[in-house]
Amino acid sequence: MRLQTLLEARWIFLVLIFFLVIGARISRWLGLFWATVLLSTIYFFRDPDREVPSAPDAIVAAADGKVVAVEEVFEPEILQSMMKRIAIFLSVFDVHTNRAPLEGKIIYSRSHPGVFLDARHPDATRRNAYRTWVLANPRATLVVRQIAGAVARRIVGWSNVGDDLEKGTRFGMIRFGSRTEVYVPLDCSITVKVGDRVRGGQSVIAKLPSI
C-alpha cells in the first residue's frame, strides 16, 4: 500500500481496529467478523504498480473496472465539442486509484456537487457528484471524470492544476464503488468495447491518430 492511499485510509483502519479489539473481548466470533472487515478494507485500498505501455500513441485506462459505455457525446463543461467517451465502472472489488491516461499538463480540475445514484445508472454521469480533470499535451487534450456512486461518497485528488503527469501516474482515487470516464478526441481509434475489463495505467483503451 502506498503512502497516499494509506493516508486516505488511516481513519477507517483506526476505527476498524478499535471495533476489532472491542469485539474480540466480547466474543471470538465478533472479533472474527471485525477482522474480516478490516482485512477486506485493506484489500480494497491496495495500489499495485503497473507496467505502463510506452507507445506514444497509446491512451490507457484511468481506472480498473468494466467498460460500460463507448460512445460519441458532447462534452459540455470544458471543450464543448463532440468527443468519444469510454466509461468504466469500478466495483468494490476493483483497485480504486485513478491514473493519467496520457502524459501531459493538468490545465483544469474542478469538483461538482450532486447525488449518489448507482454508478451504472444512465443518469449517473449527469446527476452524481463528480470531479473533472483536463490533461493536455501537444498532441491531444483529454477529459477525465471521477464520478461518485451509491457507495462511493469521497472523490480524492492528489494532483493540482499545473502539474505535469507521466502516463499512468496516480492522480487520485474514489472510494468505494464508482465510475471513471475518459473523453478522447473523435479522431482517436477505440481499442475496447462494452463488457471488457481493463486495468488502470496498463490497458490501452484508445490510440491517437498517426502523426
Side-chain angles (χ1 to χ4, degrees), residues 1-2 4-5 8 43-73 75 83-104 106 117-122 124-125 128 130-135 137 139-152 155-159 165-209:
M1 184 178 297
R2 298 176 66 86
Q4 288 173 315
T5 49
E8 178 62 27
Y43 178 74
F44 171 83
F45 280 98
R46 69 198 186 281
D47 190 3
D49 290 327
R50 294 281 167 75
E51 185 175 344
V52 181
S54 59
D57 62 341
I59 298 172
V60 298
D64 288 28
K66 181 179 179 181
V67 177
V68 293
V70 177
E71 55 193 343
E72 293 187 9
V73 298
E75 196 291 304
M83 301 189 76
K84 291 179 179 178
R85 177 174 68 188
I86 302 104
I88 301 167
F89 172 73
L90 296 76
S91 76
V92 294
F93 302 106
D94 290 308
V95 175
H96 272 57
T97 302
N98 294 130
R99 299 170 182 259
L102 197 65
E103 66 276 1
I106 299 174
L117 300 173
D118 186 299
R120 290 165 293 189
H121 194 284
T125 298
N128 282 21
Y130 66 94
R131 182 167 184 169
T132 301
W133 302 79
V134 180
L135 193 66
N137 68 26
R139 293 190 64 184
T141 299
L142 273 60
V143 177
V144 180
R145 286 204 173 92
Q146 299 171 293
I147 302 174
V151 179
I155 297 173
V156 181
W158 295 328
S159 298
L165 302 183
E166 294 296 322
K167 185 192 306 180
T169 300
R170 300 166 175 87
F171 67 86
M173 74 175 300
I174 321 173
R175 53 170 224 229
F176 287 88
S178 53
R179 177 182 177 116
T180 300
E181 298 180 341
V182 180
Y183 293 71
V184 302
L186 288 179
D187 56 359
C188 290
S189 57
I190 306 300
T191 58
V192 292
K193 63 183 183 301
V194 173
D196 286 352
R197 292 200 60 83
V198 294
R199 288 188 171 189
Q202 180 173 320
S203 300
V204 177
I205 61 172
K207 291 185 176 180
L208 296 170

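Scored by the side chain to side chain donor-acceptor pair (under 3.5 Å) test, R139 finds no partners at all (sequence neighbours excluded). Looking at residues two or more places apart in sequence or on another chain, you find a ring-ring contact (aromatic ring centres under 6.0 Å, His included) between Y130 and H112. In this view, E103 satisfies the salt bridge (charged side-chain N to carboxylate O under 4.0 Å, His left out) rule with no residue, not counting sequence neighbours. The side chain to side chain donor-acceptor pair (under 3.5 Å) test applied to R85 returns E71, Y183, not counting sequence neighbours. Under the rule for a side chain to side chain donor-acceptor pair (under 3.5 Å), S203 has no partner lying at least two apart in sequence or in another chain. For Q202, there are no side chain to side chain donor-acceptor pair (under 3.5 Å) partners two or more places apart in sequence or in a different chain.
Under 4.0 Å is where a charged nitrogen must lie from a carboxylate oxygen, and between D49 and R170 at least one such pair does. A salt bridge links R50 to D64: at least one charged side-chain nitrogen sits closer than 4.0 Å to a carboxylate oxygen.
Here the CD1-CG distance, from I88 to D94, works out to 10.0 Å after rounding to the nearest 0.5 Å. Taking CD1 of I147 as the reference point, atom OG1 of T180 lies at 7.5 Å (rounded to 0.5 Å). We find the CG-CD1 distance between L90 and I174 to be 6.5 Å, quoted to the nearest 0.5 Å. Interatomic distance, CD of Q146 versus CZ of F171, reported as 5.0 Å (0.5 Å rounding). Between the CG atom of N98 and the OG atom of S159 there is a distance of 10.5 Å, given to the nearest 0.5 Å. Interatomic distance, CD1 of I59 versus OG1 of T191, reported as 8.5 Å (0.5 Å rounding).
Within 6.0 Å of CD in E72 there are more than 12 heavy atoms belonging to other residues, nucleotides or ligands.
A donor-acceptor distance shorter than 3.5 angstrom exists from the side chain of N128 to the backbone of A148, with no hydrogens or angles considered. Proximity of a side-chain donor or acceptor of K193 to a complementary backbone N or O of V70 within less than 3.5 Å is not detected.
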Go through the steps for D187 and K84 under the test salt bridge (Lys or Arg N to Asp or Glu O under 4.0 Å), then give the verdict.
CA-CA 9 Å; D187 56 359; K84 291 179 179 178; over 6 Å; no
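Within the 4.5 Å cutoff, no side-chain heavy atoms of I205 are placed close to those of V67.
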